[in-house]
2 protein chains.
Amino acid sequence: MERKTGNECTADQQLPALGIDPYLELMDKTAAQDADRKSIRMGLVMLWLSDNILDVMDVDLAPFGITESKLDMLLLLMLHEGRELITPSGIADRLGIRRASVTALLDWLEKRGWVSREQSAKDRRMIHVSITPEGRALVNQVLPTFWSTCASLLGDLDAEERSVFEKILGKLHRSIETKIGVGR
Amino acid sequence: MERKTGNECTADQQLPALGIDPYLELMDKTAAQDADRKSIRMGLVMLWLSDNILDVMDVDLAPFGITESKLDMLLLLMLHEGRELITPSGIADRLGIRRASVTALLDWLEKRGWVSREQSAKDRRMIHVSITPEGRALVNQVLPTFWSTCASLLGDLDAEERSVFEKILGKLHRSIETKIGVGR
DNA sequence: CAAAATAGTTAGACTATCTAACTATGACTA
DNA sequence: TAGTCATAGTTAGATAGTCTAACTATTTTG
């Protein structure tokens, strides 16, 4: 008995995420001090936004066959061109991930010819990683979308809102940087 | 030859994420129109914040042995207590994930006794999912932390900044909701 | 009643991580 | 200098959270 059509909706691939209203409702039921409710409410919106901002970027990058993590890696390598040589360990430190994770990402990128590994002559334990011309071409193709998606995240804030928001973003940035023990 | 000590740093588990400065630098090098640079900059900060906000929540929930996705599911079930019965399909719609993913999450939660499944008598294809007393206890234990982490995301914004930010968050929320095709 | 739709599950895939342990190499020290 | 320790990269195996495709059981519909 043939069942070739999956019953899953294959047309609309992007399911919408749950809104925040249910959470706000739950908050009203369970949060303790009234004084904090407004903060909590705003925090919930921030959490929701965070999820969805990352989603939006993912979706916009998808047509290029690359994810944000991998693009991050390529951007980092591009930044290093013509400066100091960079090694997997260095990449791990800069990206805040383990060396083993870097190995996996590099394997993937190398398989597609976007990065190359070369053993160091001085210290034969080390490997110098660099982006290839093909990798650079890909990045140059992706960047316009990347930047425009970044810019689009601001939505339709007017000039005044933007300028206040800029200050607020700076504060939030520093506050979280402190909380996570400031990247270095 | 014994090598019992991993050479990985096991003391400081949380590696800091890459700062945004490198990205800003790259933006200065490659972004086209000067008019948009400020927007892009702000978008980059938003992207960075998004990543790190989710991380902060993950880290704060970790001690309870639960992740945000799973807590989301439990909160949803808690909201439904005493209202309409909820099925895996319904959960999938509300959370914006596939039915198959719901099955996986429910399996995990059920194994720990935090949710239970019961076949519907009316339509024997359906299953009614509910949170157990143990699940409710867990949620009640986690919620204070959850709310306080939410509130902490605002950092040290002063009263005026908060009130402006509240308006801005609303706008951003609506804008992204539109972009992703508004849940529901 | 037969065909189509729906509900839940399973199987298998993928991304992005992690830890632990391994190999090779280099550096330090007694 | 030999032995120990440290460092660089990899491998193996795990986990979370998702996905699609296909399957079973059941219900609805024409």
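Per chain, numbering begins at 1; letters A, B, ... match sequence-line order.
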Assess, by modelled atom type and distance only, whether the side chains of A:S39 and B:R162 contain a donor and an acceptor separated by less than 3.5 Å. yes
So which one's nearest nucleotide on DNA chain D is more toward 5', A:I127 or B:S101? A:I127
Do A:C150 and B:L47 come within less than 4.5 Å of each other through their side chains, counting heavy atoms only? yes
Over how many whole Å does the gap from A:L106 atom CG to C:dT17 atom C1' extend? 15 Å
Is there a donor-acceptor contact under 3.5 Å from the side chain of B:S50 to the main chain of B:M46? yes
Is a side-chain N or O of A:K111 found less than 3.5 angstrom from the main chain of A:L106, in a donor-acceptor match? no
By nearest atom, which of the nucleotides C:dT10, C:dT25, C:dT17 is closest to the B:T103 side chain? C:dT10
Any base atoms under 4.0 Å from B:S89, or only sugar-phosphate, or nothing? Heavy atoms, all strands. sugar-phosphate
Donor-acceptor contacts under 3.5 Å from residues 129-137 of chain A side chains, at least two apart:
| unit_1 | atom_1 | unit_2 | atom_2 | d |
| --- | --- | --- | --- | --- |
| A:S130 | OG | A:S116 | OG | 3.4 |
| A:T132 | OG1 | A:G113 | O | 2.6 |
| A:T132 | OG1 | A:W114 | O | 3.2 |
| A:T132 | OG1 | A:E134 | N | 3.4 |
| A:T132 | OG1 | A:E134 | OE1 | 3.2 |
| A:T132 | OG1 | A:G135 | N | 3.0 |
| A:R136 | NE | A:E81 | OE1 | 3.2 |
| A:R136 | NE | A:E81 | OE2 | 3.0 |
| A:R136 | NH2 | A:E81 | OE2 | 3.0 |

B:I66 has an atom CD1; how far is it from atom C1' of D:dG17, in whole Å? 14 Å
A:D107 CG to C:dT17 C1', in whole Å, measures 15 Å
Terminal axes of the helix from C:dC1-D:dG30 to C:dA30-D:dT1 (5 end pairs apiece), angle rounded to 10 degrees, sit apart by 0°
Spacing of B:R112 atom CZ relative to D:dT15 atom P, expressed in whole Å: 10 Å
Does a side-chain N or O from A:T67 land closer than 4.0 Å to OP1 or OP2 of C:dA16, or not? yes
Taking CZ from A:R99 and C1' from C:dA20, how many angstroms apart are they, rounded to a whole number? 11 Å
Any side-chain heavy-atom pair from A:L61 and A:V142 closer than 4.5 angstrom? yes
Please figure out whether A:D123 or A:L105 has its closest DNA chain C nucleotide nearer the 5' end. A:L105
Taking A:E161 for the side chain and A:D158 for the main chain, is one N or O donor matched with an acceptor at less than 3.5 Å? yes
Within the pair A:R124 and C:dT25, is there a side-chain N or O less than 4.0 Å away from OP1 or OP2? yes
Please determine whether a side-chain nitrogen or oxygen atom of B:R98 lies at a distance below 4.0 Å from atom OP1 or OP2 of D:dT18. no
Below 4.5 Å, heavy atoms only, C-beta onward: do B:L44 and A:W147 meet side chain to side chain? yes
Can you tell which of C:dC18, D:dT26, C:dT10 lies closest to the side chain of A:A100? C:dC18
Distance in angstrom units between B:E118 CD and C:dG8 C1', rounded: 16 Å
If you check the A:P88 side chain, which of D:dT10, D:dT18, D:dT26 turns out closest? D:dT10
What's the CD1-C1' distance between A:I97 and C:dT17, to the nearest Å? 8 Å
Is B:K122 near enough to D:dT27 that one of its side-chain N or O atoms lies under 4.0 angstrom from OP1 or OP2? no
D:dA16 phosphate, OP1 or OP2, under 4.0 Å from B:S69 side-chain N/O: no
To the nearest angstrom, how far is B:R125 atom CZ from D:dT28 atom P? 6 Å
Heavy-atom nearest nucleotide on DNA chain C for A:K70 versus B:M126: which residue maps closer to 5'? B:M126
